[in-house]
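Just below is one structure, and these are the notes that go with it.
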Amino acid sequence: MTSDEKIPIEPILDTLNEDQRRAVTACTSTPLQIKAGPGTGKTKVLVARVAYLLLKHRIPPQNIIVTTFTKKAAKEMIERLDKLLQGSGIPTTKLLIGTFHSISYRIIQKYGAAEGLTGFTVATEKDAAQVLENVLDSDISDKDWALIQSLPDAALAPFVAGAVDSDGSGDTDSGTRPKLDKKKILRQISKLKAHAIFADEYAKQRDAMFLLSLIYSLYQRRLFENRLLDFDDCLLYCHKIISRRPVLSFVQHTLVDEFQDTNEIQLQLMFEFAKVKKVESETKCSVTIVGDLDQSIYAFRDAQVGNFEKMLDHFSRIHSLQCLVVTLSQNYRSTSDILAFSEHVMRQQMKRTQKNLVSQLQSSLKPVRATLESLDEEARWVAYHITHLVSLPQSPFEHSDIAVLVRSAYQTRVLESEFVKHRVPYTIVKGRAFWERKEVLAMVDYLRCVANENDQLAFLRCINYPKRGFGPVAIAEIEKLFSQTAKPSTDIREQIRLKLSDSPQLNASLALQTLRSVSRKELKSSFGAKLLESLNKFIAVIDGTRKLIKEALNGTESNPEALAAAFDYLYETSGLKRELGDDENKRLNIEEVKAQLILFEKPSQEDSLPDFAEHQFEIPDIEVIGDSEGEDEVIELLNLSGEQTKGETNDAFEFLRSFLSLVVLYETENSSKDHINHPKVSISTIHGAKGLEWPVVFIPGLGEGLLPASFALDGTEDAINEERRCFYVASTRAKTLLYLSTYTEKAGSLNWGRKPVEKQSRFLTGLDPMLAQMPFENEQSMKKLYTLTGTIPPQDLDYEKLQKKYLRDYNLYVKQTTDDHDNRPGFVTGTDISRLTLLQKATKSAKRLAPHDNKAPKYVPKRATCAPFKPVVRLAPVENQIPTAKATAPTNCINSTTALSTTSTNILRAPAYIPARAKHKRRLGTR
DNA sequence: ATTTCTTTACTTTTT
DNA sequence: GTAAAGAAAT
C-alpha cells in the first residue's frame, strides 16, 4: 500500500500561472469564486484545486462534492485527476462528482425514505408531457373546467396554444374547453420548481394563478402515482431532504463548475451542500465555484447570472464571510485574432465589464467569413472547406480536429446530407440519440416495468408492443382501473396531506398490482377470456424477470452473467426479439443496452453515501382517524426507514432504478469505440459544445433569425444578449481557425413558417476589418498555419498552384457551375447511396403488397436524389437498373441515418404504387 | 383493429 | 418538407 506516501502538491502547482495558483491554493474555509474566461484553464484549475484539497488538506475524496455541467465534464475531470494523483492511492472514484441532477438523485435514493421518496425513477421529458396530457384529459373536474373557462383572457393567455388571436368570430366560448399548450404549462411548472416552490406552497401565494396552481398539483400527484420524478424534482426534493436533516454533514468541500448556468434551486443546493459551520467561534464555509458571466447561455432554463452576486451577498450579509474572487485572464486556447474578434462581439453589448483576455499564442490567422446564396450552398461551403483543410499538403488537421457549431439542432440536417455527399465523415455530438431509438425505448420501457411497479406509463406502452390484442379501448380501460385504484375514497390521505405536505407516497398505487388483480378477476373488467390470457402472459413476463433480477442481484457480489440472463429472458419472452425480427441494427442496439446495463457498476457499500441515523430526528406525529385499512397504510408510510425486511427485496431493483434514472439523466457513457479508428468532424449545437475546443470551428447560419434566433428578435435586449453570448461561446471554442458564414434567402422563396433569413447577423456588423474573405489570402498566411500548428510544411509548397486549384474547385463544388450533378468531381451523389436502400425497400414493399408473386418487383426506383434535392423518384424496368457494386453506402454515413431517412417516406411510398399503377414508366412527384 | 390516406403544426437551446 | 395526429377505408 502506498497510500501513506504523500505525493507532493508542488509539482502540480508549478504548472500553473500566478492567478491560477492563487485560486488553487486559496483559503479553504472561505468561499471562493473563480471567474474564468474561455480557455483560461478553468478545468485545470478545478482539477488542481481538488488535488490540493486531497493532498494538502487530506480531505477524503468521499467528502468532496463536485458538480459539473455534463457527465462528459465529470468524466474528463476524473481522468485528469487520476493522472495527477497517479500512485497516491487516493480513490478518485469516491468523489461525489456529477451533474446537480445526478448527485441529487443519488441523495434522494439514499436519504429519501424519510420524506417518503422510495422506489422512484426519473421521468423523461416525454413522460412528463404524457403525464400532463393525462391530467388535462381526465383529472380536471367539470367544475374546474367551468372555472377555467370563466377566466379572463389575460389569465389564460400564458397557457393557451399557438397565439390564436380570437379575432371576433364568436370564438365558441360556450362549449369547448380552451386548448391548453402543454409546453407552456410544463415550462411554467418547471420555472416554479426552479425557484423551489412546491405545488401547495404556490397555491398559498397571493398572486398565484388558479389554472397553474391546479394543474401543478394534479401533475405532481400523477407523477407520484407513477413514482416518477421529473428533472426539476430531482433538485427540488433533494433540497427538501438536505435542508431538513443534516444528512450531508460529512461534506467538507463543495465545488461547482459552470456556475453562471445555475438556477435558484441549484444555488440553494450549493448553500446546503456547503453549510456554514462554526468552528471555535470561527465561521467557515468551504466552497469553490467557477464560472464566466459571458458564457451564460441557459437563461431559458432559468439560469441566473445574478447568482454570483447572490452568493457574495449570502455569505457576507448572513454569515459575515467575505468571498475571495480570483479572475483568470490568460488564454491558452485561441489565437489572438480569434480572441480579439470574440471580444469585439461582446463589446457591442452595453453594461459589460471589459475583459482583457490575453492570448498566449503569438502568430495568428484572421477568421474567415463568407456570405452564400442559399442554405444548401452554405452547407457546401462548409463541406468544401473541410475537405480543403484536410487535404492540404502535410495537413495539420484531420477530420476530428474540426467542428461545426450551429444554433439550432435542425440546422444540422442540411449539413448532414451535404456531408454524406461529400464523403465528409462526421458525428453528431448528442449522447441521447441512442436512447431515443424506438427499439431502445421499448426495451427500456420493459426494464422500467420491472424496476418500478408503479410506472403506469411504461406498463401502458409495453402492454401492446409487441401486439397483444390491446387496442385503444382496452388501454383506456386499464387506465381507468389504474386511476380507480390510485385514488382511494378514504379521506385519511387528505388529513395526512395537511400535516405532511407533498409527501409523495400518499397517492402511491401499484400498477403491476392492479394488473394482477384484474387478471385474477378481483377487479372486474370488461376483458374477454382472450385478453385476460394475454394479460396473464404479460404479467408472467414481468414477474419472471423480477424473479431473475432479484436472484441476480441478491448477493453482495455483482453477477453479470445472471443479469445478462435476466435481460435476455425479458427480451425474448416479451416478444420484443421477435418483433424486431432480423433487423441487425436494432438487434445490436439492444445488445448495447444490455452491455450498458452490465457495465453499470453497482455502487458497492463503501462507495455509497454514508448512512444516516434517522432516529435522531423527529418523525412528524400524526393522529390517525379512520378505518383500519387506512391506518395500516399510514403506519407503513411513516415507517419507511425502519423497514429493513421490505427494503431488502427492494434493493435488487434499486440498482435497476439507478441505471434507468441515469439513462434519463444522460449519464451513460457512449461506448462506441469506432470514434478512435475513424476521425470524424463533430457537428454540434452551440449549447452542446460548451466546455469543448477544436483547432478548427465553423459557425454557419450567422444571419438574423438564426443567430440571433428568430424568437429573440422582437424580444428584450436580454434575449439578444443571450444570443450574443451564444455566439461568443461558439467562437471561443476555436483554437486556430474560425470560419463564419451566412446565407441570404429571398423573401418569397419556398420557405414555410419560418421567416426567411434576409440579413446577416447584427453581431458581425462593423467587424469586417477583423475578418478575411477567404482562407489563406496570401503565401504568408499559409505559412503561418504551419508554424502555428507546429507542423512542418512540405518542401515544395507551391502557394500559387494551391490557391488556383482552391478557386477552381470552389466554383465547381460550392457554386456548382456544372449541372451534371452525378458527375461533379469528388461527389457521391444521392443516387449512389440511396439506390441500394431503395432497391431493398422497394423489394420488401412490393413483396408485401403482392405476396403471391415471389419474383422481384417489376420496377425499382431508378434514381432518387437525396435531400436537399427534390426527391423525385423515377421508375425503370429492373433489368436495366441493377445496382452496381459501388452502390453501397460509404461507411462514414452509418451514423447519419437522418440524411437518408429524410426521404424515407417518399422512398417507401413510391414502390407501393408499382403493382397498381406503374404500367409504364411513371414519374412520381411528391406533391 | 390495422392500414392507408389526409391534414396539421412545427423548429430554440438541455438536465 | 416532415413527422405526427386525425380520418377514412380495408
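As a basis for the values below, the full set of heavy atoms in this structure was taken, side chains included, without hydrogen atoms, waters or symmetry mates. Just so we're clear, the structure is a prediction, and the values are computed from it rather than from any experiment. Note on naming: letters A, B, ... go to the chains in the order of the sequence lines (proteins, then strands), and numbering restarts at 1 for each one.
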Is there a donor-acceptor pair under 3.5 Å between the side chain of A/Glu533 and the backbone N or O of A/Lys530?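 No; judged by distance alone, with no hydrogens or angles, the pair does not exist.
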Backbone N or O of A/Asp718 within a donor-acceptor pair of the A/Glu722 side chain at under 3.5 Å?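 Here the side-chain-to-backbone pair does not exist.
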Measuring from the side chain of A/Ser408 (C-beta onward, heavy atoms only), which nucleotide among B/dT2, B/dT12, B/dT15 has the closest atom?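 My answer, after comparing the listed nucleotides, is B/dT12.
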Looking at the side chain of A/Arg413, which of C/dT2, B/dT14, B/dT2 is the nearest nucleotide?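 Looking only at side-chain atoms, A/Arg413 lies closest to C/dT2.
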Qualifying residues under side-chain contact (heavy atoms from CB on, under 4.5 Å), relative to A/Thr685, sequence neighbours excluded: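 Expected list: A/Ala409, A/His687.
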Test side-chain contact (heavy atoms from CB on, under 4.5 Å) applied to A/Thr732 - qualifying residues, sequence neighbours left out: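 side-chain contact (heavy atoms from CB on, under 4.5 Å) check on A/Thr732 returns A/Pro38, A/Ser342, A/Tyr728.
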Just checking A/Ala409: base, sugar-phosphate only, or nothing, at a heavy-atom cut-off of under 4.0 Å?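 Since only primed, P, OP1 and OP2 atoms lie under 4.0 Å of A/Ala409, the category is sugar-phosphate.
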Have a look at A/Lys690 and say if it touches a base, only the backbone sugar-phosphate, or nothing, with a 4.0 Å heavy-atom cut-off.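 Here A/Lys690 touches no strand at all.
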Distance in angstrom units between [X] [atom1] and [N] [atom2], rounded:
| X | N | atom1 | atom2 | answer |
| --- | --- | --- | --- | --- |
| A/Asp181 | B/dC10 | CG | P | 8 Å |
| A/Leu186 | B/dT15 | CG | C1' | 15 Å |
| A/Ile683 | B/dT13 | CD1 | P | 15 Å |
| A/Glu133 | C/dA4 | CD | P | 14 Å |
| A/Arg468 | B/dA1 | CZ | P | 16 Å |
| A/Lys126 | B/dT14 | NZ | C1' | 16 Å |
| A/Tyr465 | B/dT2 | OH | P | 14 Å |
| A/Tyr298 | B/dT14 | OH | P | 6 Å |

How long is the span from the NE2 atom in A/His101 to the CZ atom in A/Phe231, to the nearest 0.5 Å?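 One finds 7.0 Å between NE2 of A/His101 and CZ of A/Phe231.
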With rounding to the nearest 0.5 angstrom, report the NZ to CG distance, A/Lys240 to A/Leu235.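 That separation rounds to 14.5 Å.
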Below 4.0 angstrom from OP1 or OP2 of B/dT15, is there any side-chain N or O of A/Lys193?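 No, A/Lys193 has no side-chain N/O under 4.0 Å of OP1/OP2 on B/dT15.
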OP1 or OP2 of B/dT14 versus the side-chain N and O atoms of A/Thr685: is any pair under 4.0 Å?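 Yes, A/Thr685 has a side-chain N/O under 4.0 Å of OP1/OP2 on B/dT14.
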Parallel, tilted or perpendicular: which describes the rings of A/Phe727 and A/Phe763, with under 30° parallel and over 60° perpendicular?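 Aromatic pair A/Phe727/A/Phe763 classed parallel.
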Most 5' of A/Gly469 and A/Phe231 on DNA chain B, judged by nearest nucleotide: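 Nearer the 5' end of the strand: A/Gly469.
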5' priority, DNA chain B, between A/Asn464 and A/Asp232 [closest heavy atom]: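 It is A/Asn464 whose nearest nucleotide is closer to the 5' end.
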If we take the P atom in both B/dT13 and C/dA4, what is their distance in whole Å?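 Approximately 16 Å lies between the P atom of B/dT13 and that of C/dA4.
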Using the P atom in both, what is the distance from B/dT11 to C/dG6, to the nearest Å?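 Roughly 16 Å separates the two P atoms.
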Applying the 5.5 Å / 30° rule, does A/Tyr410 stack onto the base of B/dT11?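 A/Tyr410 ring does not meet the centre or angle cut-off for B/dT11; no stack.
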Would you say A/Phe300 stacks on B/dT12, if stacking means ring centres under 5.5 Å apart and planes within less than 30 degrees?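 Given the distance and angle limits, no, they do not stack.
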What does the 5'-to-3' dot-bracket notation of DNA chain B look like when only Watson-Crick and G-U wobble pairs under 3.5 Å count, and pairs to other strands show as |? ||||||||||.....
What are the two closest heavy atoms between A/Cys726 and A/Leu707, and how far apart are they?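 Looks like CB-CD1, 4.2 Å.
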